[in-house]
Amino acid sequence: MKAQPLLPAALKRRRGPRVAVLALVFCSLLVPFAFLFDRAPSGYVTTEERHRQVVLPSLDHAEKRGRPGAISGRRQDAPEKKIPRGSAGVIHQHVPEKRISKVSAGVIDQHKQIDSHSTSGGAKSKAPPAPKVEPSKAVAESTRETREISKDVQGRQKVAKADEVEKAKACQLEFGSYCLWSIEHKEVMKDSIVKRLKDQLFVARSYYPSIAKLQGHEALTQEMKQNIQEHERVLSVSTVDADLPSFINKRMEQMERTIARSKSCTVDCKNVDRKLRQILDMTEDEAHFHMKQSAFLYNLGAQTLQKSHHCLNMRLTLEYFKSSSLDSDDSPSGKFNSPKYMHYVILSKNVLAASVVINSTVSSCKEPGNLAFHILTDAQNFYAMKYWFARNSYKNAVIHVINYEAIILEKLPKYNIQQLYLPEEFRVLIRSIKQPTENTRMEYLSLFSHSHFLIPEIFKYLNKVVLLDDDVVVQRDLSFLWNIDMGDKVNGAVKFCGLKLGQMRNVLGKTAYDPKSCAWMSGVNLINLDKWREHNVTENYLLLMKKFKFKDERSLRAAAIPLSSLSFQHLIYPLDEKLTLAGLGYDYGIDEEVARRAASLHYNGNMKPWLELGIPDYKKYWRRFLVRGDRFMDECNVNP
């Protein structure tokens with residue numbers, strides 16, 4: 001009789017697990033409905049965050065997780081980033097389906113998990129309440145995380161940009177201004193199909209050796225080999241999309257399927273990686289080879305006279321000997337020896353270049369009748385120069401063309417500099433001592449050649465002249481130069497203190513010099529010939545020449561930088577930097593307003609304005625003073 005009350009208790013104990021099982025089944029039935037009404041189990045977006053439209057940046061190196069399109073306003077291919085819970089507008093790590101989250105008033109509750117073993121006495125155990133997070137705090141944390149990702153992306157972009165800068169500097173060190181020219185004339189590859197074919201070919205070549213070693217994949221190996229051969233055959237005859245055959249899309253699809261099958265095979269990743277690196281090295285070597293070829297052709301084009309200009313010289317020379325009106329004597333008139341005139345000396349072998357220098361100087365002068373120009377040229381271009389300036393007038397200025405080689409042989413035979421040398425230009429790479437890898441820049445330094453040191457002997461009756469390079473364009477009146485009192489100095493020039501003599505110790509040798517003395521530039525130079533003769537500059541120059549050993553003409557021309565720097569040491573009168581704006585032959589970054597206001601423009605560098613390589617934005621200043629409507633220019637197709 002006493003055991004009867006135990007029966008209901010046992011039944012109750014059995015009923016507890018049944019209730020728990022029923023509750024678990026009931027909850028499992030609710031899970032599909034939860035997915036039907038909530039399509040974003042992997043992450044949540046608050047209402048405030050939707051209005052802000054925060055888009056997380058895509059990181060290509062991360063692995064894509066979760067459901068695509070879970071958050072509006074986010075790229076489909078953007079990776080998901082594991083971020084601590086409670087931050088609004090960000091993506092959480094993917095959660096198992098047994099977990100259910102609640103969203104209320106823009107606050108994300110902590111995930112809850114139903115545990116069937118946590119029930120006791122037939123009642124469900126309640127989970128502790130989730131800590132609430134204020135919406136403003138969640139938005140702030142989301143903004144902070146987004147900024148951190150943006151900073152990471154910006155950091156990667158800076159690193160990539162720094163790598164490009166370093167490559168550009170290394171290129172300039174080896175190839176000079178060609179690198180600047182190639183960057184400005186870089187063409188974007190428009191033939192996307194050809195590029196895709198090359199990419200497929202590289203990937204197939206990297207997988208082929210590993211696939212060929214696998215047993216049981218002979219058919220795949222043969223198929224891949226055939227596709228590689230087909231791609232190579234097509235690319236050997238087609239360089240643009242227009243040349244591709246009509247069946248190329250079918251070939252590309254076959255290659256895609258073959259590559260996909262190869263990737264599904266179990267291969268040694270080290271072999272594939274090694275093959276890809278070999279292909280990369282071969283591609284870099286090939287690119288460097290083509291760059292060397294392009295740089296050689298670039299320098300050849302910069303140093304070679306164009307066909308149209310050569311035609312003009314030949315036509316002018318022929319017309320000179322046909323004309324009988326130009327058989328007068330070559331003795332200069334009184335104006336060329338009179339110190340009352342403002343005398344300009346130009347060393348040039350280019351008819352059009354000398355013409356532009358003279359025309360720009362005359363056009364900018366208020367009293368052109370007081371100008372006298374002396375052009376020193378070689379025997380090859382002497383007659384063309386003479387005929388050109390005889391048939392073209394430049395207001396009231398007088399022009400005297402001199403055969404440099406003839407006058408040296410006849411009147412100055414003791415000087416062993418019979419060949420005419422134009423101003424020498426040197427490419428200088430300047431590095432900072434404190435930060436040599438960052439602060440590096442390239443400059444072109446223009447200096448006097450060996451022929452300049454014989455000017456006082458050629459013009460014995462003159463006491464002051466202005467030397468102009470033939471790549472200079474004058475935009476302001478230079479008459480004020482004759483009013484400058486240089487004192488005991490010889491050469492009035494624009495100093496270039498970015499380079500000092502102490503930085504050229506490897507070039508200057510053991511000769512005594514002031515290491516703090518600045519370099520100087522030719523282009524527009526005021527020369528006091530009386531002081532030149534007084535300081536025996538030419539004799540000192542000849543003594544310095546004996547200290548340097550010259551193997552060939554190249555070493556002789558290279559010696560111009562130490563000889564010019566040492567010969568005029570302590571004899572340079574600094575002119576205003578605004579007198580000449582240099583760099584128009586290599587620097588693409590010169591402001592147009594600065595160039596327009598400069599007194600003169602110097603096209604030092606390889607990209608001269610009369611060449612096709614010239615910088616297009618700067619050619620207009622040179623073309624403005626070019627003679628128009630000349631029939632010889634039209635016949636020789638000299639396009640200004």
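All values below were derived from every heavy atom in this structure, side-chain atoms included, with hydrogens, water molecules and symmetry-related copies excluded. When a residue number appears, it is its place in the shown sequence, counting from 1.
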Which side-chain N or O atoms in residues 309-316 pair as donor and acceptor under 3.5 Å with protein atoms at least two apart or in another chain?
unit_1, atom_1, unit_2, atom_2, d
N313, ND2, N381, OD1, 2.8
R315, NH1, E635, OE1, 2.5
R315, NH2, E635, OE1, 3.1

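- Counting only distance, with no hydrogens or angles, the side chain of S308 and the backbone of C636 share no donor-acceptor pair below 3.5 Å.
- Counting non-hydrogen atoms of other residues, nucleotides and ligands closer than 6.0 Å to CD of Q419 gives a total above 12.
- The main-chain N or O of S348 is found under 3.5 Å from a side-chain atom of T377 such that the two form a donor-acceptor pair.
- Closest heavy-atom contact between L575 and G492: CD1-O, 3.3 Å.
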Does the side chain to side chain contact (heavy atoms under 4.5 Å, CB included) test come out yes or no for S363 and N359, once each step is laid out? CA-CA 6 Å; S363 302; N359 194 20; 3.4 Å; yes

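- A salt bridge is defined here as a Lys NZ or Arg NE, NH1 or NH2 lying under 4.0 Å from an Asp or Glu carboxylate O, and K608 with D471 meets this definition.
- Using modelled atom types, one side-chain atom of S360 and one backbone atom of V357 make a donor-acceptor pair closer than 3.5 Å.
- Side-chain atoms of H535 and D488 form a donor-acceptor pair, as typed in the model, at a separation below 3.5 Å.
- The number of heavy-atom neighbours closer than 6.0 Å to NZ of K500, taken from other residues, nucleotides and ligands shown, is 12 or below.
- The minimum heavy-atom distance between A493 and N525, with the atom names listed, is CB-ND2, 3.2 Å.
- The shortest distance between side-chain heavy atoms of L462 and F336 does not fall below 4.5 Å.
- Taking NE2 from H452 and CG from D469, the interatomic distance works out to 6.0 Å, rounded to the nearest 0.5 Å.
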Run the side-chain donor-acceptor check on residues 578-590: report pairs under 3.5 Å with partners two or more places apart or on a different chain.
unit_1, atom_1, unit_2, atom_2, d
T580, OG1, S600, OG, 3.1
Y586, OH, E443, OE1, 2.6
D587, OD1, G589, N, 3.0

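- The aromatic rings of F568 and W520 lie perpendicular to each other, with more than 60° between the two planes, well past the 30° mark.
- A donor-acceptor distance shorter than 3.5 angstrom exists from the side chain of S364 to the backbone of V474, with no hydrogens or angles considered.
- For the pair D617 (side chain) and D591 (backbone), a donor-acceptor distance under 3.5 Å is absent.
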Are Y341 and W482 close enough, and set up right, to give a side chain to side chain contact (heavy atoms under 4.5 Å, CB included), and what steps lead you there? CA-CA 10 Å; Y341 287 86; W482 270 263; over 6 Å; no

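- Around the CZ atom of R554, the shell of radius 6.0 Å holds no more than 12 heavy atoms that belong to other residues, nucleotides or ligands.
- How far CG of L526 is from CG of N491: 8.5 Å, rounded to the nearest 0.5 Å.
- Ring orientation note: the planes of Y298 and W181 are tilted relative to one another, at an angle of 30° to 60°.
- Taking the six-membered ring for Trp and thresholds of 30 and 60 degrees, F389 and Y394 have ring planes inclined between 30 and 60 degrees apart.
- Under the 3.5 Å distance criterion, the side-chain polar atoms of E425 are left unmatched by any main-chain donor or acceptor of L445.
- The minimum heavy-atom distance between E457 and K460, with the atom names listed, is O-CG, 3.1 Å.
- Remark: K464 NZ to L529 CG distance equals 10.0 Å, nearest 0.5 Å.
- Between the side chain of K489 and the backbone N or O of H570 there is at least one donor-acceptor pair closer than 3.5 Å.
- Here the shortest heavy-atom pairing between K531 and G487 reads CE-O, 3.5 Å.
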Stepwise side chain to side chain contact (heavy atoms under 4.5 Å, CB included) test for E539 and L542: CA-CA 5 Å; E539 287 73 13; L542 294 176; 5.5 Å; no

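- Rounded to the nearest 0.5 angstrom, L566 CG and K547 NZ are separated by 9.0 Å.
- Within 6.0 Å of CZ in F289 there are 12 or fewer heavy atoms belonging to other residues, nucleotides or ligands.
- In this structure, E592 pairs ionically with K620, as a charged nitrogen and a carboxylate oxygen lie closer than 4.0 Å.
- Between I407 and I402, some side-chain heavy-atom pair lies under the 4.5 Å cut-off.
- Side chains of L376 and I458 form a contact here, defined as non-hydrogen atoms less than 4.5 Å apart.
- Here the side chains of Y344 and L371 are in contact, with some heavy-atom distance below 4.5 Å.
- To the nearest 0.5 angstrom, F448 atom CZ is 9.5 Å from L347 atom CG.
- Checked for salt-bridge contact, D630 and R391 meet the test: a charged N lies under 4.0 Å from a carboxylate O.
- Q475 places a side-chain N or O within 3.5 Å of a backbone atom of A598 that can act as its donor or acceptor partner.
- E319 has no carboxylate O lying under 4.0 Å from a charged side-chain N of K386, or vice versa, which leaves the two without a salt bridge.
- Side-chain contact check for W532 versus L571: every heavy-atom pair is 4.5 Å or farther apart.
- In summary, of the residues considered (H290, E284, K292), a side chain to side chain contact (heavy atoms under 4.5 Å, CB included) with H288 occurs for K292 alone.
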Before you tell me yes or no, could you show the steps for Y444 and V428 under side chain to side chain contact (heavy atoms under 4.5 Å, CB included), namely the whole-Å CA-CA distance, both residues' side-chain angles and the distance that decides it to 0.1 Å? CA-CA 6 Å; Y444 274 82; V428 182; over 6 Å; no

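- In this structure, H343 contributes its side chain and N463 its backbone to no donor-acceptor pair below 3.5 Å.
- Between the side chain of S449 and the backbone N or O of Y421, at least one donor-acceptor pair lies under 3.5 Å.
- The minimum heavy-atom distance linking W622 with Y603 is given by the pair N-OH, 3.6 Å.
- The shortest side-chain heavy-atom distance between V473 and F625 falls under the 4.5 Å cut-off.
- Between Y383 and F321, the two ring planes are tilted [angle within 30° to 60°].
- N606 approaches A302 most closely through the heavy-atom pair O-CB, 3.6 Å.
- Residue Q306 holds its CD atom at 9.0 Å from CG of N350, rounded to the nearest 0.5 Å.
- E534 CD: more than 12 foreign heavy atoms inside a 6.0 Å radius.
- Side-chain contact check for H602 versus V524: every heavy-atom pair is 4.5 Å or farther apart.
- Residues M521 and N604 meet the side-chain proximity criterion, which asks for heavy atoms closer than 4.5 Å.
- For R557, the CZ atom counts as loosely surrounded, since its 6.0 Å shell holds 12 or fewer non-hydrogen atoms of other residues, nucleotides or ligands.
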